[in-house]
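Only one structure is covered here, and it is reproduced in the block below.
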Amino acid sequence: MKSKLRRILAGIVTFAVLGVTAAVPAFAADKTDTGTGSVTGNVTINGSISPLTISVTHPINVAYAISPDAETFTAPDITVTNNTKVAVIATVESLKAASGGTLTFTDVDPSAKAWRSLNLADSKKYIALGIAAKGNSGWNSGYSTSTHWAVNDSPLQVGTLNPNTSGALSLTADYGLAFDGAYTANHQLVFQFQLA
């Protein structure tokens, strides 16, 4: 019985010691600088920086209209608003014809065709669709005045937008006139935004 009581007490003491040891927090060793006269000490300071969130607002759909009788192409401006706390650079990464409409155009250079002379088959096949920054619409000075044509595979850096500022882009196109019915067509525009 005494032996059993001693084992129980030994167990309680062991748990008590472990509990005290576990409750003591571990600290990094402090450095003590000693000496006579002038003493120098070094302290390493480690920083942690979080990335800034880029926030830009733009439409998810834009519609254009081709009127062969009036020979007009109409489309609303594409407004891009920088909600980020610093300036951002806007780039048109790509603009490409996409499936999903009743026509899937082939993108070509605007100088590739005699547009007003295209026959029915070629009018329904080819388009030269482009996008460019609209002047005096919020872009910082030095913005690109070039048109990014959908046939072009290279990205176009449009320009920078200051915080809480909007800039506009406009669509332009060359197209045929021989359409025998109402059609729809799709393009996919891809932007890239990065800190300036």
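Position 1 is the first residue of the sequence; numbering continues from there.
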Legend entry - Sequence-distant partners of T104, side chain to side chain contact (heavy atoms under 4.5 Å, CB included), two or more places apart: S99
Legend entry - Verdict with reasoning, V92 to F191, per side chain to side chain contact (heavy atoms under 4.5 Å, CB included): CA-CA 5 Å; V92 172; F191 285 118; 4.1 Å; yes
Legend entry - Residue list, salt bridge (Lys or Arg N to Asp or Glu O under 4.0 Å) with K134, at least two apart or on another chain: D77
Legend entry - Shortest non-hydrogen contact from L161 toward G138: CD2-O, 3.5 Å
Inset, instruction - Using the six-membered ring wherever Trp is involved, compare the ring planes of F105 and H187 and label them parallel, tilted or perpendicular (cut-offs 30° and 60°). - result: tilted
Inset, instruction - Would you confirm whether N186, through its side chain, and A98, through its main-chain N or O, come within 3.5 Å as a donor-acceptor pair? - result: no
Scan the side chains in residues 162-171 for donor-acceptor partners under 3.5 Å anywhere in the protein, sequence neighbours excluded, and list what turns up.
{"from": "N162", "atom 1": "OD1", "to": "N140", "atom 2": "ND2", "distance (Å)": "3.1"}
{"from": "N162", "atom 1": "ND2", "to": "N140", "atom 2": "OD1", "distance (Å)": "3.1"}
{"from": "T165", "atom 1": "OG1", "to": "N162", "atom 2": "O", "distance (Å)": "3.2"}
{"from": "T165", "atom 1": "OG1", "to": "P163", "atom 2": "O", "distance (Å)": "3.1"}
{"from": "S166", "atom 1": "OG", "to": "T81", "atom 2": "OG1", "distance (Å)": "2.6"}

Legend entry - Minimum heavy-atom distance between L156 and T147, given as atom pair plus value: CD2-C, 4.4 Å
Legend entry - Worked verdict on V158 versus V80 for side chain to side chain contact (heavy atoms under 4.5 Å, CB included): CA-CA 11 Å; V158 177; V80 177; over 6 Å; no
All N/O donor-acceptor pairs, side-chain side in residues 44-72, below 3.5 Å, sequence neighbours left out:
{"from": "S55", "atom 1": "OG", "to": "N83", "atom 2": "ND2", "distance (Å)": "3.4"}
{"from": "T57", "atom 1": "OG1", "to": "N83", "atom 2": "ND2", "distance (Å)": "2.7"}
{"from": "E71", "atom 1": "OE1", "to": "R116", "atom 2": "NE", "distance (Å)": "3.1"}

Legend entry - Where at least one partner belongs to residues 147-171, residue pairs that pass salt bridge (charged side-chain N to carboxylate O under 4.0 Å, His left out), sequence neighbours excluded: K96-D153
Inset, instruction - Please check if the side chain of S123 supplies one atom and the backbone of A178 the other of a donor-acceptor pair under 3.5 Å. - result: yes
Inset, instruction - Run through L95, T172, I131 and flag the one making a side chain to side chain contact (heavy atoms under 4.5 Å, CB included) with W149. - result: T172
Legend entry - Y183: partners by side chain to side chain donor-acceptor pair (under 3.5 Å), with sequence neighbours left out: K124, D180
Legend entry - CG (D33) with more than 12 external heavy atoms under 6.0 Å: yes
